[in-house]
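Small disclaimer: the values here were computed from a predicted structure and weren't measured. As a basis for the values below, the full set of heavy atoms in this structure was taken, side chains included, without hydrogen atoms, waters or symmetry mates. Chain identifiers are assigned alphabetically (A, B, ...) following the order of the sequence lines, protein sequences preceding nucleic acid strands; residue numbering begins at 1 within each chain.
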Amino acid sequence: MIPPRIRPRFYITTPIYYVNGAPHIGHAYSSIAADVIARFKRLDGFEVFFLTGTDEHGQKIEKAAQAAGLEPQEFVDRNANAFRAMARAINLSNDDFIRTTEMRHKSGCIALWQKLETAGVVYLGHYEGWYATRDEAFYAEDELVLGPDGIKRSPYSAPVEWVREPSFFFKLSAFQDRLLALYDQNPEFIQPASSRNEIIAFVRAGLRDISISRTSFSWGVPVPGSPDHVMYVWVDALANYITAMGYPDMEAPRMAFWPANLHLVGKEITRFHAVYWPAMLMAAGLPLPCRVFANGWWTVEGEKMSKSLDNALPVEPLIAEFGLDPLRYFLMREMPFGNDGDFSRRALINRLNDELANDLGNLAQRILAFIAKNAGGALPPHGPMTEADFLLLSHARSLPDKVRDAIDRMALHEALDQIWKLVRSANAYIDHQAPWALRKADPLRMAAVLRILCDALLVIGVLLQPFMPTTMAKLLDLLAVPPTARDLAALESALTDGSRLPAPSGLFPRFTEAA
RNA sequence: GGCGGCGUAGCUCAGUGGUAGAGCAGGGGAAUCAUAAUCCCUUGGUCGGUGGUUCAAAUCCGCCCGCCGCUACCA
């Protein structure tokens, strides 16, 4: 065991979710991906801090609360609970859950604001533009439609008026060169490459200052010294990553985790994380996060998730029908991480049956049931190694490095692909060695074959824990692996000759469509 | 319009200069320990089109076609 003090730290975040709507598969996806990485890093000896939470301010919330006849705080309390419930339902291993309406966050925001003011990057100006009261939105000149009556209207035909309100601005324009240098010197700062290209093009095209306060609503963090202003989303929401660490107390124990190693975000908010956020941190004199990774979007049965189609997929019914771990597996396996992909019931069932039930579940079952029936229900010892034994074993031993490498490259789907290569090799090995034919002829060789299979199963079970924690805990129980010997460092010593194995039971039942 | 990405077997994708690959789907066979689960073999592609560079191009360059993303205050 490495002493905790010298373990490397790893800080990973999910986006904070806007509590205006209900959680759906897209939220679950980002969270599960972060969870897989967090769990893998723990397995690999890192001291991990994993943060998730909710974004709870803004005009939309204020209006929605009003429409629901609730105080904004009551409204967000209720909706934030739905996101907490989702986190529990998907077995998230987060170390904290921050809400932007918490005092610790608000006081941290105010401190950050003051720091930015002191740095001279905040000034009072006017935010102005074409505003449609009916749409509650600002529009750019080229979005407006000129009606036959000569009146300018919004794309949704609402009348617009030129409005001008006082607003504080952040001098984003002053950071263009430093941001470009950051991207240039840290090619991994924004991933995947498509997002990186877009961000660099955006910044090269020139940056305008951004409005960071509002006077048109009040549900937000008050701007210090200007009680008629509340902070607009940029400062408020992005700051969560440091306020949860104890900012502005730089001596807070959690501050040792800053800067974050990885901000996992949905691709729609990449710019805020890859442009605004590092600029603010530079201004505040804080270290910058190491990496921003934008994950893609799911379509559902080929259709884009949208309010008008009302097809946003909630996760609880899927968990109830298919089980959590199969769902987690599917989400991580079905589409290359960073791409978009389609969530279809058919594809989920196929992967559940073909890969989980047939390939892996059946592999574990045939090995463990065979040991229970023919090897006295105890972990068999090794025998003399054959060429085939050596091949399977070296495949298994090389797997942790391959998986680590894939996860470091954010190729979560590839990590699973690598693990499945071993699953298939193990199935081929058991067929070729045919322990059932050795039962009477050569019981010692039979035992040796079973042991090699257990060695492979151990590696598979350990490496799959981040993806399917509950089911892999069960598999490792079936191999009599002590709970303290389930990380990568313990792989060589996790199995003990002769340990009593519990009665085997299936890991992944086949899914059959109810008639 | 500008910038960027993609277009490879029926499907999802890997492959960035040297005789086209994986998984699934399809076809044939073997085995029977196992959740009828597995294993072996196999059908299938002029790598969007076209012109060029090269001894050699899916891989580099030009043009064309198609799809997608970004082009700031919409979480």
query: Quick one: does NZ or CZ of R84(A) land under 6.0 Å from the six-membered ring centre of F97(A), within 45 degrees of the ring axis?
result: yes
Counting only side-chain N and O atoms of [X], is one of them less than 4.0 Å from OP1 or OP2 of [N]?
| X | N | answer |
| --- | --- | --- |
| Y18(A) | rC74(B) | no |
| R204(A) | rC3(B) | no |
| K267(A) | rC70(B) | no |
| N353(A) | rA37(B) | no |

task: Considering only atom P, compute the distance from rG49(B) to rA57(B) and round it to an integer number of Å.
output: 15 Å
Can you identify which nucleotide, out of [options], has its nearest atom closest to the [X] side chain?
| X | options | value |
| --- | --- | --- |
| Y276(A) | rU35(B), rC39(B), rA72(B) | rA72(B) |
| R439(A) | rC33(B), rC39(B), rU35(B) | rC33(B) |
| H432(A) | rC40(B), rC73(B), rG5(B) | rC40(B) |
| R366(A) | rU35(B), rC74(B), rC33(B) | rC33(B) |

- prompt: Using purine N1 to pyrimidine N3 plus N6-O4 or O6-N4 for Watson-Crick, or N1-O2 and O6-N3 for G-U wobble, both under 3.5 Å, which nucleotide pairs with rC74(B)?
  reply: none
query: Taking the six-membered ring for Trp, is the centroid-to-centroid distance between F83(A) and H27(A) below 6.0 Å?
result: yes
Send over the distance from [X] [atom1] to [N] [atom2], rounded to a whole Å.
| X | N | atom1 | atom2 | answer |
| --- | --- | --- | --- | --- |
| E355(A) | rC13(B) | CD | C1' | 13 Å |
| L368(A) | rC33(B) | CG | P | 17 Å |
| Q365(A) | rU35(B) | CD | P | 5 Å |
| D431(A) | rA37(B) | CG | C1' | 11 Å |
| F508(A) | rA34(B) | CZ | C1' | 16 Å |
| R424(A) | rC24(B) | CZ | C1' | 9 Å |
| N350(A) | rG23(B) | CG | P | 16 Å |

task: Among V459(A), L360(A), L463(A), find the residue that satisfies the side-chain contact (heavy atoms from CB on, under 4.5 Å) test when tested with I419(A).
output: L463(A)
- prompt: Does any N or O donor sit under 3.5 Å from an N or O acceptor when you compare the side chain of N362(A) with the base of rA34(B)?
  reply: yes
- request: Apply the test side-chain contact (heavy atoms from CB on, under 4.5 Å) to residues S218(A) and E62(A): give CA-CA distance (whole Å), side-chain angles for both, the deciding distance (0.1 Å), then the verdict.
  value: CA-CA 8 Å; S218(A) 59; E62(A) 193 176 81; 3.3 Å; yes
Criterion side chain to side chain donor-acceptor pair (under 3.5 Å) against Y329(A), the qualifying member of R351(A), E355(A), E334(A): E355(A)
